[in-house]
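Note that ligands are numbered from 1 as they come in the structure, with each ligand's atoms numbered from 1 the same way. Since the structure is predicted, the reported quantities are computational estimates derived from the model, not experimental observations. For reference, positions follow the sequence shown, starting with 1.
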Amino acid sequence: MRPHRVRTVRRLARAVVAASAAVATLAFGLTTTSQAANPTLREAAEPTGRFIGTAVNDGLLSNSTYRNIASTEFSSVTAENAMKWESVEPQRGQFNWAGADRLVQFAQQNDQLVYGHTLVWHSQMPDWLENGSFSNSELRTIMTDHVTTQVSRYRGQIPRWDVVNEAFNEDGTFRQSKFYQQLGESYIADSFRAAHAADPSAKLFINDYNVEGVNAKSDGLYRLVQRLLDQGVPIHGVGLQSHLIVGQVPGTLQQNIQRFANLGLEVVITELDIRMQMPADSSKLQRQAQDYRAVANACLAVDGCTGITVWGISDRDSWVPDVFEGQGAACPYDENYQPKPAYEALRAAFVEAGGGDPGDPGDPGDPGTGSCTAVFTVSNRWSTGSVVSVSVRTTQALNTWRVEFDLPSGVTVASGWNGGFSQSGSRVTVTNAPYNGTVSAGGTLSFGFQTSGGAAQDGTAVSLGGQRCAAG
Ligand code: 9MR
């Protein structure tokens with residue numbers, strides 16, 4: 001039960017958020033591509049081959065607004081609580097599948113994927129398990145039986161499962177959960193093996209928070225996953241929960257996704273929300289939109305990143321204010337179920353990655369769209385590198401931007417400034433820095449970088465938001 005004071009603060013905050021989100025939604029400039037189509041999130045995501053999911057709160061499925069958004073905007077659903085151990089087996093041997101079944105049925109009615117969450121976790125265990133004492137072998141059997149029972153029940157219906165959740169401490173060592181303390185590291189492999197035996201078609205994930213960037217915790221996760229793969233344990237994916245803070249999306253997110261993908265694993269952004277200090281205002285909401293987009297872009301830039309799930313539809317229902325006092329507004333919809341700039345940003349990221357493909361910005365014969373003019377200048381060059389400045393004039397007002405171009409084969413961006421840089425093969429994607437996303441109509445954005453492995457070429461073709469720019 002939340003204390004009364006927090007409730008009052010939330011009520012006040014609710015009104016402010018609603019007002020500021022309405023203004024911010026009007027003020028938020030989108031690229032032409034997404035304005036033209038106005039697709040739902042799931043329509044926008046579909047051509048990218050990624051799913052867009054949401055956590056679903058079972059108790060809210062009776063609310064028609066909630067139900068409608070959950071079904072029309074999202075192509076995947078995760079049970080926020082209904083598939084957790086305490087929900088499905090509150091008394092030992094007595095199962096309650098009502099909430100879990102409701103979600104699976106909802107997903108089937110709406111042609112959605114179900115992301116199974118979660119089987120073995122130190123939190124939200126039933127009392128009998130949490131407080132019971134069991135011999136090691138008994139505990140191992142309880143655990144594997146649980147995994148077997150739950151995965152078997154939904155065999156063929158739940159294509160991805162979080163098998164083990166939050167196994168790590170912040171320093172990359174193992175969390176001292178009941179399972180780890182009694183069974184050691186092998187509890188993880190055993191859980192995955194049991195899940196695989198119960199549904200060989202399901203992709204099995206390990207999921208955690210604060211592992212979005214490259215850091216001690218994600219290093220620990222990476223080493224574990226390598227060991228599991230070496231041992232032939234059936235693990236297929238890594239879930240990066242991504243409970244983030246506005247302005248603090250890790251700069252190494254894409255690099256981290258890529259290193260797990262390079263192991264042959266799927267990566268899913270499993271629980272995305274981006275919270276802020278309340279009250280929200282339009283500048284925080286704009287910044288949040290950029291952050292949502294940065295997370296989406298990082299996933300979309302890596303082939304192995306197969307989906308993004310947001311942890312709750314609306315700020316009204318989010319877990320955040322209950323846990324982080326004074327913080328909130330972390331979801332893509334506001335407290336009145338109106339889409340926020342974060343929603344628009346998420347959609348724009350999918351639209352650009354899917355429909356608004358940047359095409360071939362390197363084709364010198366392409367006349368460009370006329371909505372932007374780019375100058376790509378190599379100001380200094382040597383045999384193994386160069387310094388480049390890029391400026392792009394836009395005819396449309398922007399609140400975030402994404403510029404793309406190709407470098408010659410073997411040439412890579414060594415460092416850059418005034419933007420966030422990522423590279424896949426020869427294709428370089430630059431998104432705005434936190435401070436230079438806003439560009440007025442007729443204004444110019446600029447950034448620079450240094451290459452290694454060779455020099456860039458003067459006059460390289462550039463696209464802005466997927467639209468080829470004319471050469472300036
Ligand atoms: O959103 C969930 C909230 O309703 C529950 O009270 C809470 C209990 O721990 O779990 C929340 O979801 C968590 C998820 O299952 C695992 N990662 C962290 C999420 C936020 O706490």
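Neither the backbone nor the side chain of Tyr209 has a heavy atom within less than 4.0 Å of ligand 1. By the criterion of a heavy-atom distance under 4.0 Å, the side chain of Asn165, and not its backbone, is placed next to ligand 1. Contacts with ligand 1 closer than 4.0 Å are made by no heavy atom of Asn57, backbone or side chain.
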Side chains of residues 223-231: which donor-acceptor partners sit under 3.5 Å, not counting sequence neighbours?
residue: Arg227; atom: NE; partner: Glu185; partner atom: OE2; Å: 2.9
residue: Arg227; atom: NH2; partner: Glu185; partner atom: OE1; Å: 3.4
residue: Arg227; atom: NH2; partner: Glu185; partner atom: OE2; Å: 3.2

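Residue Trp311 has at least one nitrogen or oxygen atom sitting less than 3.5 Å from a nitrogen or oxygen atom of ligand 1, judged on distance alone.
Within ligand 1, counting atoms from 1 as listed, the ones closer than 4.0 Å to a heavy atom of Glu166 are 16 (C), 17 (N), 18 (C). Distances below 4.0 Å separate heavy atoms of Trp319 from the following atoms of ligand 1: 1 (O), 20 (C), 21 (O).
For the side-chain hydrogen bond (donor to acceptor under 3.5 Å, both in side chains) test with Thr400, the passing option among Arg287, Arg293, Gln286 is Arg293; the others fail.
With hydrogens left out, the protein atom closest to atom 9 (O) of ligand 1 is Gln124 OE1, 3.4 Å, a heavy atom. Given atom 5 (C) of ligand 1, the protein heavy atom at minimum distance is Asn81 OD1, 3.4 Å.
Ring to ring, Tyr115 and Phe205 are close: their centroids are under 6.0 angstrom apart.
Within 6.0 Å of atom CG in Asp303, 12 or fewer heavy atoms from other residues, nucleotides or ligands are found, so the atom counts as exposed in its surroundings.
Residues satisfying the side-chain contact (heavy atoms from CB on, under 4.5 Å) test with Asp111, not counting sequence neighbours, are Arg42.
Between Trp311 and His243, the two ring planes are perpendicular [angle over 60°; tilted spans 30° to 60°].
Looking at Glu271, Glu80, Lys84 and measuring to atom 15 (O) of ligand 1, the nearest heavy atom belongs to Lys84.
Looking only at side-chain heavy atoms (C-beta outward), Val295 and Leu272 come within less than 4.5 Å of each other.
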